[in-house]
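Quick notes on the structure that follows.
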Amino acid sequence: MNKQSRISAPNSPIGTIPTAPRQVLFRVFQALFYNYSPQTAGFRFRQTLPFTSDSVFPITESPVSPFSFPSMALPKNSGNLVLGIDIGGTGMKGGIVDLAKGELVGERVRLETPHPSTPAAVGDVISAIAKHFSWKGLIGCGFPGVILKSRIMTAANMDESLLSVDLAHLVHERTGCPAHIINDADAAGLAEVTYGAGKGREGVVLLVTVGTGLGSGLFFNGQLVPNSELGHIKMKDKDSGKIKDAEKLASDSARERDDLSWEKWAKRFDRYLKYLHRLFWPELIIIGGGVTKKGDKFMPLLTVPCATALASLGNNAGIVGAAVAAKLHLGKK
Ligand code: BGC
C-alpha cells in the first residue's frame, strides 16, 4: 500500500481521511477474512505501520522476537490471579486481578512514571510494583504505544529509548515472572468486552481511553483488532484552523493544557467521536481512562449517534485487561 495515498472524505470537517484510519479499515478487513491475530501481525504488516512519526521504531527486518520464552514457565497453580500493570504517560498502576470476577483483589498501587522513562527507569518501577505485592506469578502489562509481539513500536508519550525494547523480556528480567505485553487501550477494551460495558455486544465496539494520551481499542464481535491507534488520526483545530493529531486536541492533558471547561472539552471530544463514528459505525463507544471519574460532566453532552457508556471498570480497566491478555496468551502453558 502506498504510504502517501489518501482517500477524500467529501463534506468532512477534517477534509481527507489520512493513511492511519485507512490502514485500520484494511486491518479490520484482514481480521474478518484472514483470521488476523496479534501473533501474525508483525509478519503481515511489517512494511505498513499505520503512521509515521519520529517516535516509530523503523522496521527494516523482522524485529519480532519469539512470542514466548522457554524461561517464562508459569508457576504451578497460578490459578486465576494475575498481576496487571497499566503503564501511562503520567502514572504506572498495578493491582492483583481475580480473573474469575474481573476485579482487583485489594488495593491497587500507583507510582509516578519516571522522567525520562528509559527502559531502566520503567523496569525499576515495574520491579517495585511486583515487590510491593511480593508477586511471583504471571504479569500482564499495558503500554501506551503499538506493541508487536511484546516489542514497543511507538511511544508517543514515553521516552524514545523504549522504542524496539522487548518489554516482556524486560519485565521478566526485572521480576523473574513470565510476562505479556499489550497496548493499554486494547487492554482496557479487552476488560470491558470480557466483564464490563461491552460484554456480549455484537458488531463493532470501540473503546476510547482518555488520559495523558488518547487511545482506542477496536472490537468486532468481541474480537480485538490490535493497535488501532485512533488517537493519532488528524483533526482540524477549530481555534487555529490547523490540522493536528486528535490526541493533541481531545485528550485529558489537552483539556488541562488549554484550561478548557468540561463543556468546551466535551464539544471537541464529541467532534472526535463523531469522526470515529463516520469511519467505523460502531454499535457502542465505551469511554475509559482517567476522565471516567468525571463522566457526569461530559457524558450528557455527547451527541455522537450511537450508544455510549462509561467503562464499567473505570480507570482499572487497563490493569484488568492487561491481566486478561496475559492469561489468554501465556496462561495455557
Ligand atoms: C498511544 C496509544 C495509547 C494512548 C493512550 C497514545 O499516545 O499512541 O498507544 O493507547 O496514547 O495511552
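Note that ligands are numbered from 1 as they come in the structure, with each ligand's atoms numbered from 1 the same way.
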Distance filter under 4.0 Å to G215 heavy atoms, resulting ligand 1 atoms = 4 (C), 5 (C), 10 (O)
ask   = Is E247 reaching over with its side chain to a backbone N or O of G231, donor-acceptor style, under 3.5 angstrom?
value = no
key: Nearest neighbour of atom 5 (C) of ligand 1 from the list D184, I87, T154, N183, on a heavy-atom basis   = D184
request  = Going by the side chain to side chain contact (heavy atoms under 4.5 Å, CB included) test, name the single residue among V82, L330, I129, V171 that passes it with I139.
outcome  = V171
query = Relative to each other, are the rings of W265 and W262 parallel, tilted or perpendicular (30° and 60° limits)?
reply = perpendicular
Ligand 1 atoms in contact with N157 (distance to a heavy atom under 4.0 Å) = 7 (O)
query = Touching ligand 1 at all, G231? Heavy atoms, strictly under 4.0 Å?
reply = no
request  = Could you tell me whether K267 and D270 make a salt bridge, using a distance below 4.0 angstrom between a side-chain N and a carboxylate O?
outcome  = no
message = Just to be sure I read this right, does ligand 1 sit under 4.0 Å from the backbone of A156, its side chain, both, or neither, counting only heavy atoms?
response = side chain
inquiry  = Check the orientation of F298 and F269. Use parallel for under 30°, tilted for 30 to 60°, and perpendicular for over 60°.
reply    = perpendicular
key: Numbering as shown, the atoms of ligand 1 that approach E247 to under 4.0 Å (heavy-atom distance)   = 6 (C), 7 (O), 11 (O)
inquiry  = Can a side-chain donor-acceptor contact be found between S161 and T118 if the only test is distance below 3.5 angstrom?
reply    = no
inquiry  = Geometry only, no angles: is H232 polar-contacting ligand 1 at N/O separations under 3.5 Å?
reply    = yes
